[in-house]
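For reference, the structure discussed in these notes is given below.
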Amino acid sequence: MTDFPHLFEPLDLGFTTLRNRTIMGSMHTGLEDRARDFERLATFFAERAKGGVGLIVTGGFSPNLEGSFYPGSSKITTRREARRHRQITDAVHKEGGKIALQVLHAGRYAYSPIKVAPSAIKSPITPFVPRALSERGVRRQIRSYGRAAELAREAGYDGIEIMGSEGYFINQFLAPRTNKREDGWGGSAENRRRIAVEIVRTARAAVGEDFIILYRLSVLDLVEDGQTWEEIVALAKEIEAAGATIISTGIGWHEARVPTIVTSVPRAAFVDMAARLREHVSVPVVTSNRINMPDVAESILAAGKADLIQMARPFLADEDWAIKAQEGRVDEINTCIGCNQACLDHTFERKTASCLVNPRAAHETELVIGPTRTVKHVAVVGAGPAGLSAAVTAAQRGHRVELFEAGEDIGGQFAIAMRIPGKEEFAETVRYYRTQLDLTGVKVHLGTRADEETLSDFDEVVLATGVEPRVPQIEGIDHPKVLTYPQVVLGEVEVGPRVAVIGAGGIGVDVTEFLTTTHSPTLDLQAWEREWGIDADSDNRGGLVEPQVEPSPREVYLVQRKTTKIGAGLGKTTGWVHRAALKMKGVGQITGATYDRIDDAGLHITVDGEQRVLDVDHVVVCAGQESVRDLVEPLEAKGVKVTVIGGADVASELDAKRAIRQGTEVAAAL
C-alpha cells in the first residue's frame, strides 16, 4: 500500500515494464566526459536505482564529434566507447533499475569551432558560428543517431532518449528561428520536422522493437519564431508513427527570456502542455519541470494529465526520493529547492555537478558517510544550514550529538530566505532537517546561547554560529531611517513607500524583490505567466505574449559601491532571472556609488563626481556580513577541539552550498 497509488503503478510497455511512473531525467554531471570517471558515474546511478526510481536517463552523449558540447566531451561513436558503459548499466541492473542513454547533439549550442546546424546562425550563448549542413551532411547526422542507438543497446542500456528539445540540434531544425533552409529539410513545417522523424525511424530500425525509445519533444519553445502548437502536435503524431515508445515533454530553449526550472517558477508550471499533447497520441507522455514532491506528482497522474513524471534534480537532492515516497516517509525527503547553484551552475563552469542540499550527489565515492567506530559526544553550535548538516550527518554516523541554537527555531539564514518571494521552497530544507534531527536523536537546545563552560565537556565542538549583518561606516548609520535586512524580511518593521537598499549582492537583490512584490508569483501560476509573458494557448510562435507586470508597491533604489552590473556575483543560470525581475519592477539601479551620509533628507551619495540625494523613507543595509566567532578563543583556551564552519568560517557572501558541504564533510571525518 502507498499514499501515491498512481505514482507507483507499474507501466507495461509491452516488451518490458517500468516498476513505477518516475523517471530520473537527464543531467550532465561532468562525469560523462572521461572514462576514468565512469566508476563514479556508475555508483551515482546505482544509488538512484537502489532508491527505487522507475527509469534513469543519463546525461547527454553526442552521436558524433560535431555534436559534442565541447572538445573532449561525452560521445558514443565506437564499440570501444560503448564497452565502457557496461559498468554503468550493470551497476543499475544489479539494483533492479532500468536506464536509458540520452543521445544529444548540441548543434549551434556547442562550444566548438566544428559545430554544425541547419543554418549558419550563431547562438547567443556560445561563441562560434555553426557551419550550415549540406543535404549530404544532414543524412550523415541521421545515420549517426542510428549508430548511437545501436551502440547503446550493445552497452546494455534498456533504451535511449533522443533529445529533440531545449533548443538543441533537432529543435533547431524544427523552428523557423534557426532553420532558414530552402531545401527538403526546411521551409515548410513538414520539411522542418522531417529530420526528427527520420532520426526516430532510423534509431528504431537499428535497435528493433524491444528497446525503449523516448523522444524529448519541445511542447513550448518560449522563443520568438518557435513552433506553433499545430506544428508540435503534427510532430508528435509522426514521432509516434516512426517508432517512439514514449514522448517526454521539454520546455523552453536555453536562450529563452522566460525561466523554466529556477525556484521562482511555480511547481508543475507546464504540466498542462503534457496534458494537451496526451490527447493527440497513444504512447505514454511524460511531464517535467519543477515537480519535486510526491503529492504534486500523484495529483498530476490522478488527473490524467500525464503517464509518467520526470524529475532530474530531485534525484540529485535525494537518491531515495522514490522509496521514501512509496513507504510514506515524505517528510524525510531532501527536497530540491531549484537553486541551480551546484548542478547547472557547475555544469556551465565545467565542474562536476552536485547538489546544494546534498553534497554527496555525484561524489558518492569520495564523500562517504559510514558508521563511526568510536562514538563521540559532539556539540554543534548554530542551527543554520551548516550546523544542521553537521549535526544530522554526525548523528547518522552514530555519534551522540547536541545542537545549540540561540534563536527560538532552526533554519538560520534559510529561515529568512524562505520568506523571499520566489524562494518559498527553502522552507522544505528546514522541514527536512527538522525531521532528521528527530529521527537521528539529536538533542536540540533552542533559545540557548552556548558558552565555553557549557561546551567544555564535549569531545568535539563544531561552531556554526553564522554571521551578523555588517554595519558600514557611513555618517548617520544610526539614523531611525536605517534598517537591517532581517528586520525587513522578518516583518519587524513597517517599511515606507520609498526605499534605498545599500548593497547589491545576493541579499540586496533578494530584499529588493521582497520590497517590490505584493504577491509571490511562485504561488500563483496565472500571475507568474502574465508577468513573464507566457500564453501557451495563443497562436504566437513559441507561446510568447507581451508581459503584464504587477506594479511594485514601493519605489526602490538598489545601490552598490562596485561599478560592475547589479547581481554580477549571482549564479550564471539564475542571475539573469533576478536582474530581469528587478528591471520589470522598475527598480532604480545605481552602481559606482559613494555613500556620503544618511539624514532626514534621505541617502546622500556621490556617483561619477555628482552628488545626489535619494529622498527615501528607509535605508536597508545589505552591505555584507561578519562572522560570529566569539567562542573560538575561549574554547581553544580551555583545550577544547573546535572546528569552525559555514558563515562563521567565511562570511564574504552567504554561501549555503559551501556551508552544507562543510558541515557534511566535517561530520563525515569525526
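Residues meeting the salt bridge (Lys or Arg N to Asp or Glu O under 4.0 Å) test with E550, sequence neighbours left out: none. With sequence neighbours excluded, the residues satisfying side chain to side chain contact (heavy atoms under 4.5 Å, CB included) with C622 are Y485, V501, I507, V511, V620. Under the rule for a ring pair (Phe, Tyr, Trp, His ring centres under 6.0 Å), the partners of F61 that lie at least two apart in sequence or sit in another chain are H85. The side chain to side chain contact (heavy atoms under 4.5 Å, CB included) check on T664 picks up P359, L367, I369, S389, T393, I660, with sequence neighbours excluded. Applying the ring pair (Phe, Tyr, Trp, His ring centres under 6.0 Å) criterion to Y433, with sequence neighbours excluded, gives no partner residue. Remark: E349 pairs with K351 by the salt bridge (Lys or Arg N to Asp or Glu O under 4.0 Å) rule, at least two apart or across chains. With sequence neighbours left out, E425 forms a salt bridge (Lys or Arg N to Asp or Glu O under 4.0 Å) with R267, R290. Remark: Y109 engages Y168, H254 in a ring pair (Phe, Tyr, Trp, His ring centres under 6.0 Å) (not counting sequence neighbours). Contacts of R554 classified as salt bridge (Lys or Arg N to Asp or Glu O under 4.0 Å), with partners at least two apart in sequence or in another chain: none.
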Report all side-chain donor-acceptor pairs from residues 464-478 shorter than 3.5 Å, counting only partners two or more places apart or in another chain.
unit_1: T465; atom_1: OG1; unit_2: V628; atom_2: O; d: 2.5
unit_1: R470; atom_1: NE; unit_2: A623; atom_2: O; d: 2.9
unit_1: R470; atom_1: NH2; unit_2: A623; atom_2: O; d: 2.9

Show me, pair by pair, the donor-acceptor contacts under 3.5 angstrom made by side chains of residues 111-122, not counting sequence neighbours?
unit_1: Y111; atom_1: OH; unit_2: I125; atom_2: O; d: 3.0
unit_1: S112; atom_1: OG; unit_2: I114; atom_2: N; d: 3.2
unit_1: K115; atom_1: NZ; unit_2: R108; atom_2: O; d: 2.7
unit_1: K115; atom_1: NZ; unit_2: A110; atom_2: O; d: 3.0
unit_1: K115; atom_1: NZ; unit_2: T126; atom_2: OG1; d: 3.0
unit_1: K115; atom_1: NZ; unit_2: F128; atom_2: O; d: 2.8
unit_1: S119; atom_1: OG; unit_2: K180; atom_2: N; d: 2.8
unit_1: K122; atom_1: NZ; unit_2: T126; atom_2: O; d: 2.7

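Each of H346, R313, K572 was scored for a side chain to side chain donor-acceptor pair (under 3.5 Å) with N340, with one residue passing: R313.
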Please lay out, stage by stage, how R131 and E66 fare under the test salt bridge (charged side-chain N to carboxylate O under 4.0 Å, His left out).
CA-CA 10 Å; R131 174 173 56 85; E66 297 163 320; 3.0 Å; yes
Pair R597-D599, salt bridge (charged side-chain N to carboxylate O under 4.0 Å, His left out): steps then yes or no
CA-CA 7 Å; R597 67 183 183 278; D599 57 23; 3.3 Å; yes
Assess the residue pair D33 and R350 against the criterion (salt bridge (charged side-chain N to carboxylate O under 4.0 Å, His left out)); give the C-alpha distance rounded to whole Å, side-chain angles, the decisive distance to 0.1 Å, and a yes or no.
CA-CA 10 Å; D33 298 334; R350 302 278 293 274; 5.6 Å; no
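Not one N or O on the side chain of Q662 forms a donor-acceptor pair closer than 3.5 Å with the backbone of I645. Side-chain atoms of S520 never come within 3.5 Å of backbone atoms of P421 as a donor-acceptor pair (strictly under, hydrogens ignored). Without hydrogens or angle criteria, N540 side chain to G543 main chain gives no donor-acceptor distance under 3.5 Å.
To the nearest 0.5 Å, atom CZ of residue R360 and atom CG of residue N334 are 12.0 Å apart.
When all heavy atoms of D221 and A256 are compared, the closest pair comes out as O-CB, 4.4 Å.
Ion pairing between E255 and R177 holds under the 4.0 Å rule for side-chain N and carboxylate O.
Considering only heavy atoms from C-beta on, T335 stays 4.5 Å or farther from V357 through its side chain. Looking only at side-chain heavy atoms (C-beta outward), Q611 and I605 stay at 4.5 Å or farther from each other.
Screening residues 495-519 for salt bridge (Lys or Arg N to Asp or Glu O under 4.0 Å) gives K423-D510, R498-D615, R498-D617 as the qualifying pairs, with residues at least two apart or on separate chains.
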